[in-house]
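Working notes, beginning with the structure itself.
Counting starts at 1 for both ligands and their atoms, in listed order. Predicted model, so just to flag it, every value in this text is computed and none were measured.
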Amino acid sequence: KNIVILISGGGSNMAAIVRAAERDRWSGRFGARIAAVVSNKAEAGGLAIARTHGIETAVVPHKEFPTREAFDEALAKVVDAHSPALVVLAGFMRILTPGFVERYAGRLVNIHPSLLPAFPGLNTHQRAIDAGCKVAGVTVHQVTTELDHGPILAQAVVPVLSDDTAATLAGRVLAQEHQLYPRAIAEWLADTSSHTS
Ligand code: GRF
């Protein structure tokens, strides 16, 4: 079972998933491996991390494509080269077209730094602080054509402290992301490998 991870930046979530796959022996337990890390940005720091783990990387620069559909088509071609059982969006900062989402329906997941359905979209931490929230958190969900609204797979909660800034809250949430995402993917693999075995 091949897993392809899509990133746009530092890739700290991708790195946490890669480390968990190695540490918890996903290949032996689920027959699963991280087949490739793909970014829409050549300068994404996560690409170098993937390479140090011996994982194939690719870049599909969205700026080189005339339309969102053309980019998604090129991206799908690169992704499909690995016949992925699961496509993982990890800090992937592109809104995907319905065509792409439907192509990977049921095997496309994302991590969003809020307790969905609260605060879909961007600037989630500042919005939670501005709203006077006492808790915040992170959601792992299946990706559907409605942005940040697919079936929820896992969530984690953190306190919002009175002196929090968006940055301090983001750091607290990110630490939870790095725990939650690998665990949610391992559970997904366990569920799907039980069906197929
Ligand atoms: C972070 O804001 C995280 O909350 C969200 O994507 C951003 C970058 O994540 N999931 P990463 O370090 O590239 O995984």
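Every pair passing ring pair (Phe, Tyr, Trp, His ring centres under 6.0 Å) that includes a residue from residues 81-103 is listed here, sequence neighbours excluded: Phe100-Tyr104. Applying the side chain to side chain donor-acceptor pair (under 3.5 Å) rule to pairs touching residues 84-102 yields Asp72-Thr97, sequence neighbours excluded. Judged as a salt bridge (Lys or Arg N to Asp or Glu O under 4.0 Å), not a single pair has a partner in residues 34-51 (not counting sequence neighbours).
Defined by atom type and a distance below 3.5 Å, a donor-acceptor pair is present between the side-chain atoms of His112 and Ser114.
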Put together the list of close N/O pairs, under 3.5 Å, between ligand 1 and the protein, could you?
unit_1: ligand 1; atom_1: 4 (O); unit_2: Glu177; atom_2: OE1; d: 3.2
unit_1: ligand 1; atom_1: 4 (O); unit_2: Glu177; atom_2: OE2; d: 2.5
unit_1: ligand 1; atom_1: 10 (N); unit_2: Glu177; atom_2: OE1; d: 3.2
unit_1: ligand 1; atom_1: 12 (O); unit_2: Ser12; atom_2: N; d: 3.0
unit_1: ligand 1; atom_1: 12 (O); unit_2: Ser12; atom_2: OG; d: 2.6
unit_1: ligand 1; atom_1: 13 (O); unit_2: Gly11; atom_2: N; d: 2.9
unit_1: ligand 1; atom_1: 14 (O); unit_2: Ser12; atom_2: N; d: 3.3
unit_1: ligand 1; atom_1: 14 (O); unit_2: Asn13; atom_2: N; d: 2.8
unit_1: ligand 1; atom_1: 14 (O); unit_2: Asn13; atom_2: ND2; d: 3.0

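Side chains of Asn13 and His178 form a contact here, defined as non-hydrogen atoms less than 4.5 Å apart.
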(request) Check step by step if side-chain contact (heavy atoms from CB on, under 4.5 Å) holds for Ile17 and Ile185. (result) CA-CA 8 Å; Ile17 294 164; Ile185 292 170; 3.5 Å; yes
